[in-house]
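Note sheet for the following structure.
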Amino acid sequence: KLGETMRKIQNVPLKSLLAASLALALMGCSEKAEQVADTGMQAAEEPVAEAPVAVVNDNPFFNEWDTPYGIPPFDTINDGHYKPAFEAAIEEMKAEVAAIRNSDEAPTFANTVEALEVSGALLARVMGVFGNITNTDTNDTLQELEVEFYPRLTAERDAILMDEKIFARVNDVYEQRESLGLDAEEMRLLELTHRDFVRRGAMLDGDAKVRVKEINSRMSELNTVFGQNLLKESKSFELLVTDQAELSGLPASMIGSAKAKAEAKDKEGWVFGLDRGTYEGFMTFADNRDLRKQMNQAYRVRGAQGGSQDNRDILTEVATLRAERAQLMGYVNHASYQLENNMANTPEKVESFLEEVWEPGLNKAGQELVEMQEIVQEEGHDFIIEQHDWWYYAEKLRQKKYALNEDEVKPYFELDNFRDGAFHVAGKLFGVTFEPLEDVPVWNDVVQPFAVTDSDGSLLAVFMLAD
């Protein structure tokens with residue numbers, strides 16, 4: 001749906017247990033995807049009324065998905081399908097929005113707000129698949145498509161949410177909201193839709209709108225390139241260990257994984273990368289201090305090593321553009337703009353909250369540092385604890401104070417057990433059930449699909465967990 005899709009064009013997304021596990025809470029029942037990245041290039045002044053949509057029979061996005069639960073046919077979707085699908089979806093969405101904009105009927109909740117909300121179904125379908133694949137299983141071709149289409153998606157968002165005629169229709173309905181007999185869900189949708197227009201710049205004057213579009217365009221490019229640079233830098237680093245003695249302290253599972261990586265690269269030894277799981281495990285358990293330092297240094301300097309993948313200038317420009325956009329929108333700074341509709345509401349409240357935990361946290365960290373330094377001395381070393389030592393000696397301190405055996409607690413944190421625990425909690429809280437699915441399309445063999453059913457047995461969604 002356009003409304004849902006447009007509200008999601010904020011940040012690439014992102015990752016908690018279930019999010020990091022990649023929930024594709026599918027479109028399977030509604031065929032509506034909900035995730036798009038915030039990117040942008042200046043759009044045309046208004047949506048185009050005539051928007052022919054190309055039909056390509058061998059492109060799965062243009063056909064009905066005759067699959068269980070309407071799951072995307074991942075096995076038949078290839079990289080070449082995305083571009084024509086995006087092109088057609090954007091044009092279809094523009095035509096749908098243009099029909100709303102140019103309607104001769106008086107604006108109502110149904111013909112304006114609800115119509116906006118349900119438009120853009122094809123774009124939501126394409127973006128739902130594309131976003132999940134690029135977040136978990138990307139490649140150079142898909143990254144090029146991100147650079148090409150994310151700016152266009154935000155361009156269309158700007159074109160819609162800054163369009164005077166569309167906003168006039170939405171605002172007319174909004175001003176009558178108390179007399180329309182809307183239920184709670186309809187009222188909430190109306191409020192969110194109106195807010196989206198206002199916060200995007202619908203009430204700005206012409207010059208300000210032009211500049212905000214320019215800023216969004218540039219921000220889109222910078223945000224996409226930043227993320228891709230970080231990914232490339234992370235993937236380009238590998239620590240090759242050839243002496244088994246240097247693996248001392250590492251869990252057997254991590255050693256096995258590193259061995260498999262080395263074999264996949266036709267190398268002798270063990271390969272460790274900078275993915276978060278590997279990095280944290282290595283920094284926590286590796287006895288070799290020099291190797292921990294190498295890993296820590298490599299992790300810290302990602303995007304700051306010069307060359308085409310250096311992100312430092314990007315960060316500076318993003319901060320500058322954010323500040324300018326906030327002032328154009330009438331806010332003191334970017335933080336004020338971002339926090340306005342969040343629980344904290346203002347930067348001052350956020351700082352107040354942080355100060356409440358900062359001092360106690362800093363004091364506790366200081367106490368633990370003294371205790372960790374004592375362990376260093378007990379081991380016969382004379383160095384002062386540095387950044388690459390912290391997790392390692394924090395783990396030793398935990399073992400010393402609480403005598404926790406890693407092998408004893410590890411089973412509780414295996415992915416399957418963690419997953420089952422999360423499902424159990426969800427069931428207790430919401431009455432939902434997760435049933436594993438077999439013989440359904442997935443985009444990678446490691447993906448685990450589940451049917452999510454309500455307490456009455458009705459299907460709510462399909463959840464896909466990517467290891």
Side-chain angles (χ1 to χ4, degrees), residues 1 3-4 7-8 10-35 67-72 74 124 128-129 131-132 135-136 183-189 191-192 251 253 276-277 280-281 284 341-345 350 353 356-357 360-361 395 398 402-467:
K1 295 185 264 187
E4 294 174 349
R7 277 194 291 278
K8 295 297 181 181
Q10 288 296 334
N11 295 297
V12 177
L14 156 25
K15 301 175 181 175
S16 60
L17 161 67
L18 300 184
S21 309
L22 190 62
L24 186 59
L26 261 156
M27 34 179 141
C29 305
S30 63
E31 293 191 355
K32 304 293 188 286
E34 297 186 358
Q35 183 178 359
T67 56
Y69 307 100
I71 293 173
F74 294 109
V129 177
N132 278 295
N135 279 333
T136 60
D183 61 28
E185 291 182 353
E186 291 170 333
M187 183 66 78
R188 181 58 175 163
L189 175 59
E191 291 172 348
L192 288 175
S253 59
R276 189 69 181 181
E280 290 188 4
T284 301
N341 294 307
N342 293 339
M343 184 176 67
N345 193 245
V350 172
F353 171 76
E356 289 181 12
V357 298
E395 173 64 14
R398 182 177 68 84
Y402 306 111
L404 290 177
N405 186 305
E406 182 69 25
D407 291 333
E408 291 179 359
V409 301
K410 187 184 300 181
Y412 295 98
F413 295 97
E414 293 292 339
L415 178 59
D416 288 350
N417 293 333
F418 205 41
R419 175 204 65 200
D420 293 344
F423 287 176
H424 177 76
V425 172
K428 288 289 187 181
L429 291 175
F430 308 113
V432 297
T433 302
F434 296 79
E435 295 292 338
L437 295 174
E438 297 181 359
D439 300 324
V440 299
V442 293
W443 66 91
N444 190 297
D445 290 340
V446 303
V447 175
Q448 303 173 25
F450 298 85
V452 186
T453 56
D454 207 345
S455 56
D456 62 2
S458 60
L459 180 69
L460 293 174
V462 171
F463 174 86
M464 291 190 169
L465 181 72
D467 186 352

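Rounded to the nearest 0.5 angstrom, Leu429 CG and His424 NE2 are separated by 9.5 Å. The structure places CZ of Phe450 at 12.5 Å from OG1 of Thr433, a figure rounded to the nearest 0.5 Å. In this structure, Leu189 CG and Asp183 CG are separated by 10.0 Å, a value rounded to the nearest 0.5 Å.
Using a 4.5 Å heavy-atom cutoff, the side chains of Val462 and Leu437 are in contact. Looking only at side-chain heavy atoms (C-beta outward), Phe423 and Phe463 come within less than 4.5 Å of each other.
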Please test Trp443 against Val129 for side chain to side chain contact (heavy atoms under 4.5 Å, CB included), starting from the C-alpha separation and ending with a verdict.
-> CA-CA 9 Å; Trp443 66 91; Val129 177; over 6 Å; no
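In this view, Val432 and Ala426, Phe430, Phe434, Val452, Leu460 satisfy the side chain to side chain contact (heavy atoms under 4.5 Å, CB included) rule, not counting sequence neighbours. Looking at residues two or more places apart in sequence or on another chain, you find no side chain to side chain contact (heavy atoms under 4.5 Å, CB included) involving Asp420. In this structure Asn342 satisfies the side chain to side chain contact (heavy atoms under 4.5 Å, CB included) test together with Leu339, sequence neighbours excluded. Residues forming a salt bridge (charged side-chain N to carboxylate O under 4.0 Å, His left out) with Asp454 (at least two apart in sequence, or on another chain): none. Not counting sequence neighbours, the partners of Asp416 by the side chain to side chain contact (heavy atoms under 4.5 Å, CB included) test are Arg419, Gln448. Applying the salt bridge (charged side-chain N to carboxylate O under 4.0 Å, His left out) test to Glu186 and every residue at least two apart in sequence or in another chain returns nothing.
Checked for salt-bridge contact, Arg398 and Glu395 meet the test: a charged N lies under 4.0 Å from a carboxylate O.
The closest donor-acceptor contact from the side chain of Asn132 to the backbone of Gly128 lies under 3.5 Å.
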